[in-house]
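Proteins get letters first, then strands, A, B, ... in listed order; numbering begins at 1 in each. What you see is a predicted model; the values in this text were computed from it and never measured.
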Number of protein chains: 2
Amino acid sequence: MQLRDARNAGDAAAAILRRAGCRPTAQRLLVLQALGGGGHVTADDILVHARERYPSINPSTVYRTLDALVAAGIARRTDLGSDRLYFEVARTHRHHHVVCQECGAVEHLHDAALAALAPAVAAETGYRLTPDQEIAIPAICPACQSAAPADAEKGHHHHAHP
Amino acid sequence: MQLRDARNAGDAAAAILRRAGCRPTAQRLLVLQALGGGGHVTADDILVHARERYPSINPSTVYRTLDALVAAGIARRTDLGSDRLYFEVARTHRHHHVVCQECGAVEHLHDAALAALAPAVAAETGYRLTPDQEIAIPAICPACQSAAPADAEKGHHHHAHP
DNA sequence: ATAAGTGCAAAACATTTGCACTTTG
DNA sequence: CAAAGTGCAAATGTTTTGCACTTAT
């Protein structure tokens, strides 16, 4: 049945969880799987994904699992400028995000691209950039640039989160 | 009584409201006044300020007034990376924000300081920066740099919003 | 008078928490 | 079995909304 399937499919995932001191339950494997796409997802995205295979899973469980994964350094909580929290698999190297204001698409930006920022900020304000926080940069993605010359008001496409 | 006082003190403010097509009520003048400090405040900050002079003012009124002021271009809704919304008086020139992760202090950053950013973002991702969105940059303010060498965990000072 | 603005109570949200029950090791 | 994890229901905190009442013009 579903329980066993989920557990078998996620041998590597189970190991990841164990290493983090978490018991590999079906629910947690599904959360990890939803995160595994490499994209940026909300708790609700994860819940929806998990419910497909495990309908009884509860939001609390998703939130608690995410907390545990973040604490274990497996997941990362990311502010993308909206009112909800986003989560992604933790990467080893720091990166930032460009977020399309039209469709919500998100891309990574190497830390190096912001190299010039720290000195400029320090010079103007004396503030020092934190070495581990990510910066969310509102922007327009290439697809939306060509698709919608200037209709900011109406037809928000909202492609899925990439 | 309070009503008249508030109204007299805010002749210029009343004019601002009228120009925006808003009737200058005591409540709105107080919202404007709370915003007037030039800082970044939450709806609740404004509510607290307004209640000092007008105890019966309601959160809904603050929110509705802020909506109106934002729509009129008088106020600006600003994402400072927290879970609540911040508001400030709209400036004519675009600027960004550095936000101290230790105490919450906020400073402005001239758009020019980010001049190098747009080309770097375009080169790496193809995304184009939006001309009117602000970027919130998490950082550590000078005061917190010297005050707290490395106690990220405990003594969060949380000075008032500047 | 008429439209705009207000207060209140209730709803909408995303997220958190207390607690009893179930699962894992 | 004990500890960890789960579901459920209720609470949280911020923001929004419906509606009847008040105020500004």
Side-chain angles (χ1 to χ4, degrees), chain A residues 1-4 6-8 10 13-15 17-32 40-48 50-51 53-72 75 77-87, chain B residues 1-4 6-8 10-11 13-15 17-32 41-48 50-51 53-72 75 77-87:
Chain A
M1 53 245 28
Q2 318 150 281
L3 280 171
R4 284 213 58 79
R7 221 176 272 128
N8 290 341
L17 286 170
R18 275 211 198 76
R19 229 174 290 132
C22 293
R23 289 183 185 173
T25 65
Q27 293 93 324
R28 288 179 169 176
L29 290 171
L30 287 167
V31 169
L32 213 45
H40 302 79
V41 290
T42 64
D44 191 63
D45 292 333
I46 294 171
L47 181 64
V48 167
R51 270 217 224 278
R53 313 256 182 114
Y54 196 113
S56 74
I57 191 173
N58 191 278
S60 326
T61 301
V62 172
Y63 282 110
R64 281 189 285 231
T65 298
L66 286 169
D67 283 350
L69 295 180
V70 168
R77 209 181 289 265
T78 305
D79 171 27
L80 255 29
S82 88
D83 51 341
R84 334 210 267 268
L85 296 174
Y86 279 78
F87 297 87
Chain B
M1 54 240 32
Q2 319 150 281
L3 280 172
R4 284 213 59 79
R7 222 176 271 129
N8 289 342
D11 261 3
L17 286 170
R18 274 212 197 74
R19 229 174 289 132
C22 294
R23 291 183 185 174
T25 65
Q27 293 93 325
R28 287 178 171 178
L29 290 171
L30 286 167
V31 170
L32 214 44
V41 290
T42 64
D44 191 62
D45 292 334
I46 294 172
L47 180 65
V48 167
R51 271 218 223 278
R53 314 255 182 116
Y54 196 111
S56 74
I57 192 173
N58 191 279
S60 325
T61 301
V62 172
Y63 282 109
R64 280 188 284 229
T65 298
L66 286 169
D67 283 351
L69 294 180
V70 167
R77 210 182 288 265
T78 304
D79 170 28
L80 256 29
S82 88
D83 50 342
R84 334 208 267 264
L85 295 175
Y86 280 77
F87 297 87

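The backbone N or O of A:Leu17 lies less than 3.5 Å from no partner atom in the side chain of A:Arg28, so there is not a single donor-acceptor pair. Remark: the backbone N or O of B:Ile57 is not paired with any side-chain donor or acceptor of B:Thr61 at under 3.5 angstrom. Counting only distance, with no hydrogens or angles, the side chain of B:Ser82 and the backbone of B:Arg84 share a donor-acceptor pair below 3.5 Å. When atom types are taken as modelled, the side chain of A:Asp67 and the backbone of A:Arg64 share no donor-acceptor pair closer than 3.5 angstrom.
When rounded to the nearest whole Å, the span between CG of A:Leu32 and P of D:dG5 equals 14 Å. Atom-to-atom, CG of A:Leu47 to P of D:dG7 comes out at 10 Å; the value is rounded to the nearest Å. The interatomic distance linking B:Ile46 (CD1) with D:dT15 (P) rounds to 10 Å, in whole Å. Atom-to-atom, CG of A:Leu69 to P of D:dG5 comes out at 11 Å; the value is rounded to the nearest Å. Atom-to-atom, CG of A:Asp67 to C1' of D:dG5 comes out at 14 Å; the value is rounded to the nearest Å. In this structure, A:Leu66 places its CG atom 15 Å from C1' of D:dT6, rounding to the nearest Å.
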Yes or no on side-chain contact (heavy atoms from CB on, under 4.5 Å) for B:Asp79 and A:Asp79, after CA distance, side-chain angles and deciding distance?
CA-CA 10 Å; B:Asp79 170 28; A:Asp79 171 27; 4.3 Å; yes

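A:Tyr54 contributes atom OH, which lies 13.0 Å from atom CG of A:Leu47 (distance to the nearest 0.5 angstrom). Of the inter-residue distances, the one linking B:Tyr86 atom OH with B:Thr78 atom OG1 reads 10.5 Å to the nearest 0.5 angstrom.
In this structure A:Asp83 satisfies the side-chain hydrogen bond (donor to acceptor under 3.5 Å, both in side chains) test with no other residue, sequence neighbours excluded. Taking the side chain to side chain contact (heavy atoms under 4.5 Å, CB included) definition, one finds that A:Leu85 meets it with A:Arg77, A:Phe87, sequence neighbours left out.
Each end of the helix from C:dA1-D:dT25 to C:dG25-D:dC1 gets its own rotation axis from five pairs of C1' atoms, and the angle between them is 20° to the nearest 10 degrees.
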Reading nucleotides 9-14 of chain C 5' to 3', which nucleotides get B (base under 4.0 Å from a protein heavy atom), which S (sugar-phosphate only), which -?
B----S

Dump every N/O contact between nucleotides 1-5 of chain C and the protein below 3.5 Å, one line per pair.
residue	atom	partner	partner atom	Å
C:dA4	O4'	B:Arg23	NH1	3.2
C:dA4	O4'	B:Arg23	NH2	3.2
C:dG5	OP1	B:Arg23	N	3.1
C:dG5	OP1	B:Arg28	NH1	2.4
C:dG5	OP1	B:Arg28	NH2	3.3
C:dG5	O5'	B:Arg28	NH2	3.3

Give me the distances for all protein-to-nucleotides 19-21 of chain D N/O pairs that come in under 3.5 Å?
none

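Ranking D:dG7, D:dT25, C:dG25 by closeness to the A:Ile57 side chain, first place goes to D:dG7.
Between A:Ala14 and A:Leu29, the shortest heavy-atom distance links the atoms N-CD2, 3.6 Å. Across every non-hydrogen atom of B:Ala43 and B:Val62, the tightest pair is O-CG1, 3.7 Å.
Side-chain contact, B:Ser60 with B:Asn58: a donor N or O sits under 3.5 Å from an acceptor N or O.
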